[in-house]
> 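Structure provided below as structure tokens; questions to follow.
One-based numbering, in listed order, for ligands and for the atoms of each. These numbers were taken from a predicted model, which means no experiment stands behind them.
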Amino acid sequence: MIAKRIAALTPYVAGEQPAGGYIKLNTNENPYPPSPSVAEALRVFDTEKLRLYPDPDSKALTAEIAAYEGVRAENIFLGNGSDEVLAFGFCALFEKQVAFADVTYSFYPVYCDLYGFKKIILPLNPDFTVDSSAYKKTACGGIVIANPNAPVSLSMDEQEIIQLAKSVSCNVLIDEAYIDFARNTKSLASVAPQFKNLLIVKTFSKSYSLAGLRCGYAVGNAELIEGLNRVKNCFNSYTLGALCQTAALAAVRDRAYFNQTVQKILSTRQHTADALQKAGHTVITSDANFLFVRHSSVSGAEAYARLKQQNILVRHFAAPRTAAYIRVTVGTDAEMDAFTNAFLKF
Ligand code: PMP
């Protein structure tokens with residue numbers, strides 16, 4: 001028998017992971033392989049080390065990420081994917097009620113239900129931008145904003161987030177899963193430690209092409225990071241395995257490969273958006289590695305179904321404000337040409 005409070009939950013449902021046969025544009029994975037230095041680091045990994053528990057503090061990886069972000073090791077918390085960092089962040093930093101957008105990452109309401117927090121749903125503006133004044137007016141137990149937002153792909157100016165964090169008393173968690181694909185918006189990771197209530201969460205799943213590794217991290221002041229460590233050490237002290245620490249360390253050191261693959265995705269994104277817009281379809285200006293697209297005559301559900309028939313997998317969100325759209329991960333040029341050709345023939 002499942003405990004009643006758990007039986008009553010509606011867990012998150014991740015995008016489909018079919019065995020093969022699809023052009024897979026549905027879960028915002030990176031179409032390029034991880035850095036070759038990841039393969040090399042795993043090739044020379046001494047499996048004898050697997051006999052022992054891994055470093056529970058991931059010291060080498062923490063130091064490398066701290067150097068990259070321009071902060072101190074005490075400002076970094078690592079987790080088993082950013083989903084776990086978010087889950088611990090909600091637990092450690094929020095109280096009673098959490099405010100977030102009506103159209104955003106659908107894991108946020110799940111964490112609220114798990115921890116028994118009231119959900120304060122603040123609608124995005126009609127153009128899908130965030131109304132930050134609404135957050136300032138709401139009683140504050142916690143605020144979570146995906147920046148850039150998913151699935152709408154827009155980002156909020158980082159100065160607006162700083163103003164918001166300064167004007168509220170509760171903690172503000174900014175989920176920057178897609179920030180490396182933003183055109184102008186900057187990550188707040190390097191400045192987050194200067195604020196008492198701002199936590200930035202990032203991931204290796206998208207821009208580092210390591211979704212299968214499960215590695216994410218938070219950047220914030222030492223007190224917030226201590227809160228996350230307290231929660232972690234109430235669940236599981238060894239959230240990052242030794243292979244994960246080794247692979248992520250190699251990836252974060254290879255800045256040239258990172259920049260090259262991110263740039264490639266940005267140019268493919270622009271090329272695809274231009275082709276769809278030229279044909280009269282709506283494409284929200286994207287700051288992420290996906291496009292939020294509305295066909296001029298076919299519904300989102302229909303577009304999803306027709307693409308699937310042609311072995312192209314995208315994501316459709318059936319809620320009223322998103323039903324007209326599909327979310328399309330930016331793949332390789334060839335994958336996006338196949339998608340565009342199919343979409344333009346509807
Ligand atoms: N935040 C957002 C907004 C996402 O879309 C995702 C990917 N589903 C995540 C966090 C989680 O990514 P991961 O757990 O792979 O780091």
> Could you check whether any side-chain N or O of S58 sits under 3.5 Å from a backbone N or O of Q245, counting only pairs where one atom can act as donor and the other as acceptor?
no
> Among all protein heavy atoms in this structure, tell me which lies nearest to atom 1 (N) of ligand 1, with the distance rounded to 0.1 Å.
D175 OD2, 2.6 Å
> Give the residue, atom name and distance (to 0.1 Å) of the protein heavy atom nearest atom 7 (C) of ligand 1.
K206 NZ, 3.1 Å
> What are the two closest heavy atoms between N289 and E29, and how far apart are they?
ND2-O, 4.0 Å
> So which heavy atom in the protein is nearest atom 8 (N) of ligand 1, and how far is it from that ligand atom?
Y105 OH, 3.2 Å
> What is the closest protein heavy atom to atom 11 (C) of ligand 1, and at what distance does it sit?
D83 OD1, 3.1 Å
> Looking only at non-hydrogen atoms, find the nearest pair between Q277 and V283 and report the distance.
NE2-O, 3.3 Å
> Going by the closest heavy atom to atom 12 (O) of ligand 1, which one wins out of S82, A288, G216, C215?
S82
> Have a look at R214, E84, E176 and point out the one with the heavy atom closest to atom 14 (O) of ligand 1.
R214
> Can any side-chain N or O of N75 pair as donor or acceptor with the backbone N or O of G220 at less than 3.5 Å?
yes
> Ring centres of Y178 and F181 under 6.0 Å apart?
no
> Backbone or side chain, does any N or O of Y178 fall under 3.5 Å from an N or O of ligand 1?
yes
> Indicate yes or no: does an N/O atom of T203 lie under 3.5 Å from an N/O atom of ligand 1?
yes
> Is it the case that the ring center of F346 lies less than 6.0 angstrom away from the ring center of F343?
yes
> Within the 4.0 Å heavy-atom shell around G81, which atoms of ligand 1 are there?
14 (O), 16 (O)
> Between Y115 and F90, is the ring centre distance below 6.0 Å?
no
> Is there any N or O on S205 that sits under 3.5 Å from an N or O of ligand 1?
yes
